[in-house]
Enquirer: 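Dropping a structure here in structure tokens format, bear with me for questions.
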Amino acid sequence: MHIPDGYLGPITCAFFYLIMLYFWYRGIKALKTLHPKQIPLLGILTAFAFLVMMYNLPVPDGTTAHMVGGTLIAILMDNPWVATIAISIVLFIQAIFFGDGGITTLGANCFNMGVVLPFVGYYIYKFLRNKVGDVVASGIGAYIGIVTAAIVAGFEFGLQPFIQPGYCPYPFTVSVPAMAFAHLTTAGPAAAVVTAIVVWYVKKTRPDLFELTKKSMEVS
Amino acid sequence: MVNSVKLINKTVEHVIKYISEAVFSEKFARNKDGFLQKLDPRIKIIGLIILVITTVSIKHIKVLLFLYILSLVFCILSRIPLLYYIKRVWLFIPLFTGIIILPVIFLTPGHPIYIILKKPYYIAITYEGIKYAVLFTLRVATAISYTVLITLTTRWDEIMKALNSLGVPDIVITIMTLAYRYIFLLLNNVLEMMYSKKSRLCRNLKLKESWIIAGKSMGALFIKTQRMGEDIYYAMLSRGYLNEPRIFTNFKVKYYDIIFLCFIILISSISLGYDRLIL
């Protein structure tokens, strides 16, 4: 889902940078209210978010898929803004140092994976957790989160030919189904199962941690 | 079973690729004689980002080709092995882009070059289609070329300091610096987890099993990061951390840097002007 440089035109890129300015501003404001103790933790969590993307999950079609981990971090830290900041930093590091994604498309990528994905995933989890339990709710949240983010990315690709031709050439009748299908059938289920298992594992082995993060975040 | 131990093998491969790329970049960035390495990091980052934006805005192959060659010239002047650079740029994303864009060759209406089928459907490779595909792929590759130049000629701490003096808040820089430092430690952790799991396997993994193993390993990693976060905080406190990071910079803009920036602005305005007004 990392959009490389050159896929989106300058107008689209500038638009998403403008949108992200608002979210980054809100995110940094949320950071400043955190206890100083949580700043190093956030640094390490960002590294964790990076690592989550490194796992190559085998998927049914024989290839491998990646998980973004936005929903996972939002759930584990009980704060979607933390995920926005962590994922944005990860995307920046990936774009600059490892050539995944791009500089001009950073705004769009941060919007898809750092805003849409964790917020959708997290609020679905919140909504469902008292009905179906933490573990199942986190899986469903992760699934819907990643699929929504993929569809949004598909729309970005698909609107490009109408805004400025010469970039990604496929209209959204092609790009949205393509992105949605891949994530509905392969990356989505993998992300859902893995997220649910992480939540189950952390709850089982360190239930204190799960509750603790929640409390300390609420206090701060 | 198709999925076998793909989780482990592929993840290990991916992790090692990242580590070795980062190590290689540092090696070139430390070469003091290179053209780009000598520049003030702020000026260099601004200059190269201007070139990336210019590249993304260009609409003609000729101009793009000129910009691509310019990136190769920068690479040679910075004493980066040309072959390594080209390989690093082209492998994966531009290659992948080339495949994605392939259908456009047949779908764009225009002058046919080679007619594949006349009946029942008319399918032909068109001149316009090829032009579109080349333009698109070349644009992606050129943009990546300039981005890779930033990495290859600037050390991580220099990029951080440059971003800080360009207005990125201290708190974000602190998190980024911590994150980058611990990425490598955690990458090693993941490698060890993967190796130890692999050494205990005596058969292939099923799809679901591999997801469960990935989930457990991520969970273990999360628990580790939680503890590490606390340890780091106490380590920082014991060394006199006052909740406000101080970032020391000793960047000085020299004539050399100003000439470079003027050159970049000139190049990008000429390219854009030529692209929009003349061609």
Enquirer: If I measure from the heavy atoms of chain A, does B:Ala141 come under 4.5 Å with its side chain, its backbone, both, or neither?
Expert: neither
Enquirer: Hydrogens and angles aside, do A:Asn79 and A:Tyr122 bring a side-chain donor and acceptor to less than 3.5 Å of each other?
Expert: no
Enquirer: Would you give the length of the straight line joining atom CG of B:Leu272 to atom NZ of B:Lys59, rounded to the nearest 0.5 angstrom?
Expert: 10.5 Å
Enquirer: Have B:Lys44 and B:Thr154 got a donor and an acceptor in their side chains that come within less than 3.5 Å?
Expert: yes
Enquirer: With a 4.5 angstrom heavy-atom cut-off, is it the side chain or the backbone of B:Leu163 that approaches chain A, or both, or neither?
Expert: side chain
Enquirer: Check whether B:Tyr85 reaches the backbone of B:Ser145 with its side chain - one donor and one acceptor, N or O, closer than 3.5 Å.
Expert: yes
Enquirer: Counting only non-hydrogen atoms closer than 4.5 Å, does A:Ala95 touch chain B with its backbone (N, CA, C, O), its side chain (CB onward), both, or neither?
Expert: backbone
Enquirer: Write down the atom of B:Ile45, the atom of B:Ala162, and the distance for their closest heavy-atom approach.
Expert: CD1-CB, 3.9 Å
Enquirer: Within a 6.0 Å radius of atom OH on A:Tyr22, are there more than 12 heavy atoms belonging to other residues, nucleotides or ligands?
Expert: no
Enquirer: By a 4.5 Å heavy-atom criterion (distance strictly below it), what part of A:Trp24 contacts chain B: side chain, backbone, both, or neither?
Expert: neither
Enquirer: Which region of B:Thr137, side chain (C-beta onward) or backbone (N, CA, C, O), has a non-hydrogen atom less than 4.5 Å from a non-hydrogen atom of chain A, or is it both or neither?
Expert: neither
Enquirer: B:Ile144, B:Ile212, B:Val148, B:Ile150: which one forms the most heavy-atom pairs within less than 4.5 Å of chain A?
Expert: B:Ile212
Enquirer: Distance under 6.0 Å and angle within 45° of the ring axis: does B:Arg139 meet both against A:Tyr167?
Expert: yes
Enquirer: So how far is it from A:Met54 CE to B:Tyr18 OH, rounded to the nearest 0.5 Å?
Expert: 5.5 Å
Enquirer: Can a side-chain donor-acceptor contact be found between A:His2 and A:Asn109 if the only test is distance below 3.5 angstrom?
Expert: no
Enquirer: Name the member of B:Ile232, B:Leu187, B:Asp231 that forms the most heavy-atom pairs with chain A at distances under 4.5 Å.
Expert: B:Leu187
Enquirer: Quick check on the 6.0 Å ring-centre criterion: do B:Tyr84 and B:Phe28 meet it?
Expert: yes
Enquirer: Could you tell me whether a side-chain N or O of B:Thr11 sits under 3.5 Å from a main-chain N or O of A:Asn56, the two making a donor and an acceptor?
Expert: yes
Enquirer: At a heavy-atom separation under 4.5 Å, does A:Thr205 approach chain B through its side chain, its backbone, both, or neither?
Expert: side chain
Enquirer: Roughly how far, to the nearest 0.5 Å, is the CE atom of A:Met20 from the OH atom of A:Tyr25?
Expert: 15.0 Å
Enquirer: Within a 6.0 Å radius of atom CZ on B:Arg227, are there more than 12 heavy atoms belonging to other residues, nucleotides or ligands?
Expert: no
Enquirer: For chain A, find which of B:Thr55, B:Ile100, B:Leu237 contributes the most heavy-atom pairs closer than 4.5 angstrom.
Expert: B:Ile100
Enquirer: Roughly how far, to the nearest 0.5 Å, is the CD1 atom of B:Ile183 from the CD1 atom of B:Ile19?
Expert: 10.5 Å
Enquirer: Looking at chain A, which one of B:Leu152, B:Val56, B:Val52, B:Val172 has the largest number of heavy-atom pairs inside 4.5 Å, strictly under?
Expert: B:Val56
Enquirer: Which atoms of A:Tyr7 come close to chain B, meaning under 4.5 Å heavy atom to heavy atom: side chain ones, backbone ones, both, or neither?
Expert: both
Enquirer: Among A:Leu51, A:Leu8, A:Asp5, A:Ile89, which residue has the highest count of heavy-atom pairs closer than 4.5 Å to chain B?
Expert: A:Leu51
Enquirer: Checking B:Phe136 against chain A: side chain, backbone, both or neither under 4.5 Å from a heavy atom?
Expert: side chain
Enquirer: Which one of A:Thr195, A:Asp100, A:Ile73 has the most heavy-atom pairs closer than 4.5 Å to chain B?
Expert: A:Asp100
Enquirer: If we define contacts as heavy-atom pairs under 4.5 Å, which of B:Ala214, B:Gly219, B:Pro103, B:Pro169 has the most with chain A?
Expert: B:Gly219
Enquirer: With a strict 4.5 Å heavy-atom criterion, list every residue of residues 168-188 of chain A that contacts chain B, or say none.
Expert: A:Cys168, A:Pro169, A:Tyr170
Enquirer: Among A:Thr46, A:Val198, A:Thr104, A:Ile85, which residue forms the greatest number of heavy-atom pairs with chain B at distances under 4.5 Å?
Expert: A:Val198
Enquirer: Between the side chains of A:Gln164 and A:Thr12, does any donor sit under 3.5 Å from an acceptor?
Expert: no
Enquirer: Below 4.5 Å from any heavy atom of chain B, which atoms of A:Ile11 appear? Answer side chain, backbone, both or neither.
Expert: neither
Enquirer: Taking every heavy-atom pair that is under 4.5 Å apart, which of B:Tyr180, B:Phe96, B:Tyr146 has the most such pairs with chain A?
Expert: B:Tyr180
Enquirer: Sort B:Arg181 into side chain, backbone, both or neither according to what part of it lies under 4.5 angstrom from a heavy atom of chain A.
Expert: neither
Enquirer: What part of A:Ile96 gets within 4.5 angstrom of chain B, counting heavy atoms only: side chain, backbone, both, or neither?
Expert: both
Enquirer: Is it the backbone or the side chain of B:Leu185 that comes under 4.5 Å from a heavy atom of chain A, or both, or neither?
Expert: neither
Enquirer: Locate the shortest heavy-atom distance separating A:Tyr55 from B:Met194; write the atom from each residue and the value.
Expert: CE2-CE, 3.3 Å
Enquirer: Could you grab the distance from atom CG of B:Leu205 to atom NZ of B:Lys198, nearest 0.5 Å is fine?
Expert: 10.5 Å
Enquirer: Given heavy-atom pairs under 4.5 angstrom as the criterion, report whether the side chain, backbone, both or neither of A:Leu31 touches chain B.
Expert: both
Enquirer: By a 4.5 Å heavy-atom criterion (distance strictly below it), what part of A:Phe50 contacts chain B: side chain, backbone, both, or neither?
Expert: side chain
